S.K.: 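This is the structure I want to talk about, given as structure tokens.
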Amino acid sequence: VVAWRHGKLVFKDVSMLQVAHDLERKYDAKIHILSPELLNYKFTGTFDNLSLDESLHLLTLSSPIEFNKTNNQITLNFKE
């Protein structure tokens with residue numbers, strides 16, 4: 001809760017569905033997970049006062065994820 005108040009998101013073995021939900025709340029965006037593989041993927045990482053674009057970029061660097069963003073609509077796919 002303290003991290004959230006300071007703009008930080010901290011995840012430890014959290015489902016990508018929960019990560020997407022938290023990102024939606026923080027950035028007022030809509031995130032759609034298109035790949036069933038991502039629903040079971042567990043993410044560990046910290047977003048420390050990052051913008052939405054920076055957070056999405058970090059996801060692609062640290063996880064098998066690719067994204068497409070149009071306005072505030074984001075789709076996540078499993079990167080093969």
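For this chain, numbers begin at 1 and follow the sequence in order. From a predicted model like this one, the values you see are computed outputs, not experimental measurements.
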S.K.: Would you please name every residue forming a side chain to side chain donor-acceptor pair (under 3.5 Å) with His32, sequence neighbours left out?
M.R.: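 His32 satisfies side chain to side chain donor-acceptor pair (under 3.5 Å) with Gln73 only.
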S.K.: Out of Leu39, Leu38, Ile31, which one pairs with Leu17 under the side chain to side chain contact (heavy atoms under 4.5 Å, CB included) rule?
M.R.: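 Between Leu17 and the candidates, side chain to side chain contact (heavy atoms under 4.5 Å, CB included) is satisfied uniquely by Leu39.
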S.K.: Identify the heavy atoms of Tyr27 and Leu52 that sit nearest to each other, and give their distance.
M.R.: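 Closest pair (atom of Tyr27, atom of Leu52, distance): CE2-N, 3.4 Å.
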S.K.: State the CG-CD1 distance between Leu34 and Ile74, to the nearest 0.5 angstrom.
M.R.: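 Interatomic distance, Leu34 CG to Ile74 CD1, rounded to 0.5 Å: 12.0 Å.
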S.K.: What distance do Leu76 atom CG and Ile33 atom CD1 have between them, rounded to the nearest 0.5 Å?
M.R.: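 The CG atom of Leu76 sits 5.5 Å away from the CD1 atom of Ile33.
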S.K.: With sequence neighbours left out, which residue pairs that include part of residues 29-41 fulfil the salt bridge (Lys or Arg N to Asp or Glu O under 4.0 Å) condition?
M.R.: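 For residues 29-41, and leaving out neighbouring residues, the salt bridge (Lys or Arg N to Asp or Glu O under 4.0 Å) pairs sorted by first residue read Glu24-Lys30.
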S.K.: Could you pull out every donor-acceptor pair under 3.5 Å between side chains of residues 61-71 and any protein atom, sequence neighbours left out?
M.R.:
{"residue": "Ser62", "atom": "OG", "partner": "Leu58", "partner atom": "O", "Å": "2.9"}
{"residue": "Ser63", "atom": "OG", "partner": "Tyr41", "partner atom": "OH", "Å": "3.3"}
{"residue": "Lys69", "atom": "NZ", "partner": "Asp53", "partner atom": "OD1", "Å": "3.0"}

S.K.: Determine, stepwise, if the pair His57 / Leu50 fulfils side chain to side chain contact (heavy atoms under 4.5 Å, CB included).
M.R.: CA-CA 10 Å; His57 184 68; Leu50 300 177; over 6 Å; no
S.K.: NZ/Lys42 to CZ/Phe11 distance, rounded to the nearest 0.5 angstrom?
M.R.: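 Lys42 NZ to Phe11 CZ: 13.0 Å, rounded to 0.5 Å.
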S.K.: Gln18: what forms a side chain to side chain contact (heavy atoms under 4.5 Å, CB included) with it, not counting sequence neighbours?
M.R.: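 Val14, Ser15, His21, Asp22.
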